[in-house]
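Here's the structure, in structure tokens; my notes come after.
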Amino acid sequence: MRFCVVTFGCQMNVHDSDWLARALEVRGWERVSEDQARVFIVNTCSVREKPEQKVYSLLGRLGDLCGRDPDAFVAVGGCVAQQVGRGFLERFSFVRLVFGTDGLVRAPDALVRLVGDPRARESLLESSETFVEREDVWSLPGPAPAQAFVNIMQGCDNFCAYCIVPYVRGPQRSRRPEAVLAECRVLVGRGVREITLLGQNVNSFGLDRGGTGVGFAELLDRVAAIPGLERLRFTTSHPKDIDPEVIAAFARLPNLCPHLHLPLQSGSDRVLRRMGRRYDRAAYLGIVEALGRARPDMVLTTDLIVGFPGETEEDFSQTLDLVQAVGFQSSFSFKYSDRPGVAAERMGPKVEPLVASDRLARLQNLQNSITRKCLKNCVGLQTSVLFEGLSRRQARGEVFWRGRDPAGRVVNVPRPESGPELTGRMMQVRLVEAKKHSLLGERAGSTW
Ligand code: SAH
Ligand code: SF4
Ligand code: F3S
């Protein structure tokens with residue numbers, strides 16, 4: 001059966017979609033582009049209103065496609081599906097499967113059943129008490145990618161006032177360390193060189209009912225020790241949970257990449273308190289300093305929200321001030337978006353949309369100038385780049401390849417048209433020019 005997957009949301013959703021696609025390929029299904037597919041899988045995100053609306057406009061379009069082909073149908077999964085549940089089946093006749101964030105593991109078999117029984121419709125919305133192990137999908141022939149994600153936990157217990165994730169992904173459930181290690185070993189054995197450990201709040205790994213006494217710092221030590229693993233990363237970290245042992249790991253483990261995504265959300269202590277984040281400016285700056293001592297080449301990135309209910313101009317200027325003081329390499333910044341059922345929905349006063357847009361633009365201007373400075377400082381340095389694929393921008397006569405340095409910066413490197421394919425290769429590169437969001441490099445040492 002020919003299928004396609006459309007994914008919204010975070011890296012966890014991207015990883016879930018990837019697993020689902022592989023699980024279907026193991027069953028003999030073929031992944032194709034949207035115009036050739038007969039089964040459309042939509043993996044949804046409800047973290048803000050915008051990605052949620054995109055799901056409904058996509059469903060409108062897919063409904064038209066299904067109208068032309070009686071055997072075609074849609075499966076809706078992920079965070080909006082967990083929230084809306086069977087409502088998708090009631091509202092859209094062409095939707096034949098709804099699966100939630102824990103239901104994902106059973107989606108491949110359900111899809112096979114639905115193809116066999118054209119009148120059937122199903123929902124997989126139950127939550128599970130413990131981490132749900134997934135079937136191994138790495139037995140497929142063909143080369144493994146150079147870079148892979150590995151889940152170490154599901155859900156989140158933090159209930160930050162603005163956030164819907166704990167409601168749609170359920171409580172935090174840590175995976176057994178042995179299972180994490182086994183998956184990492186299989187991946188490295190198949191040629192993966194870089195692993196990113198994934199969870200909503202990786203620093204509290206092991207601190208829930210699924211815990212076995214192994215904390216996040218120890219897990220990092222064990223994964224980093226797998227022979228052949230060249231780069232280890234993790235995301236996302238909550239500042240309140242980052243432990244000195246994890247900071248020390250950056251000094252201790254040579255293959256732990258010098259990059260940390262550490263969501264700040266706001267630079268105002270008053271707003272941080274109202275958000276329920278349980279750290280303040282001073283604590284955040286303390287972590288930044290300790291990280292710099294552990295790894296002087298450390299690069300930080302972050303998430304920021306502007307226009308949280310009650311945010312004043314003074315609060316916002318505190319955010320600008322802290323962003324400047326830390327000097328984040330890059331950041332994701334968002335306008336606060338009301339989500340159903342979260343604590344901030346009932347907080348006021350709401351910030352005027354135009355005021356929030358203006359703050360977002362000012363914050364992004366500041367970030368762009370900091371990013372430019374950070375990238376300029378890299379010019380002239382030599383670094384190792386792990387290539388991920390072709391660059392988006394190409395020029396005549398040469399092929400541009402896109403990769404990342406250890407700190408996660410995007411580096412594009414041109415190579416003559418006749419040269420070798422670079423995906424999955426690691427190479428020494430000299431950085432020659434800073435672009436707006438990336439660097440341009442040349443192969444160091446030798447010519448092609
Ligand atoms: N677990 C991660 C974040 C997951 S959501 C963490 O704790 O860092 C990704 C980002 O979306 C958050 O960091 C936050 O900046 C943003 N976000 C979450 N809810 C939001 C909302 N209601 N409005 C705007 N941005 C939001
Ligand atoms: Fe959301 Fe906070 Fe949990 Fe992150 S830590 S997923 S922002 S509730
Ligand atoms: Fe979105 Fe769900 Fe991730 S709400 S950000 S896809 S956890």
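When a ligand or atom number is given, it counts from 1 through the structure's own listing order. Please read all numbers here as calculations on a predicted model, not as lab measurements.
Of all protein heavy atoms, the one lying nearest to atom 10 (C) of ligand 1 is D303 OD2, 3.5 Å. Protein heavy atom in closest approach to atom 8 (O) of ligand 1: P263 CG, 2.9 Å.
Take a cut-off of 2.8 Å around atom 2 (Fe) of ligand 3: the protein N, O or S atoms inside it are C79 SG.
Ligand-side atoms of ligand 1 in range of Y336: 23 (N), 24 (C), range being under 4.0 angstrom from any heavy atom. Near R339, meaning under 4.0 Å from any of its heavy atoms, are these atoms of ligand 1: 22 (N). Every atom of ligand 1 with a heavy atom of R48 under 4.0 Å away is listed here by number and element: 11 (O), 16 (C), 17 (N), 23 (N), 24 (C), 25 (N), 26 (C).
Judged by the 6.0 Å distance and 45° axis criteria, R2 is not positioned over the aromatic ring of W29.
Residue contacts with ligand 1, taken as heavy atom pairs separated by less than 4.0 Å, involve K335 solely via the backbone atoms N, CA, C and O. Contacts between S337 and ligand 1 below 4.0 angstrom, taking non-hydrogen atoms only, involve backbone and side chain alike. Both the backbone and the side chain of V47 come within contact range of ligand 1, each with a heavy atom under 4.0 Å.
Ligand 1 has a nitrogen or oxygen under 3.5 angstrom from a nitrogen or oxygen of Y162. At under 3.5 Å, a nitrogen or oxygen of Q265, whether backbone or side chain, sits near a nitrogen or oxygen of ligand 1.
For the pair Q11 and ligand 3, no heavy-atom separation below 4.0 Å is found.
Protein residues with a heavy atom closer than 4.0 Å to ligand 2 are C156, N158, F159, C160, Y162, C163, V165, P166, Q200, H238, R277, listed by chain and number.
Note that the CZ atom of R173 and the CG atom of D102 stand 4.5 Å from one another [nearest 0.5 Å].
Summarising the contacts of atom 6 (C) of ligand 1 with I305, V202, N158, T236, the nearest heavy atom is found in T236.
For F73 and F94, the ring centers are positioned 6.0 Å apart or more.
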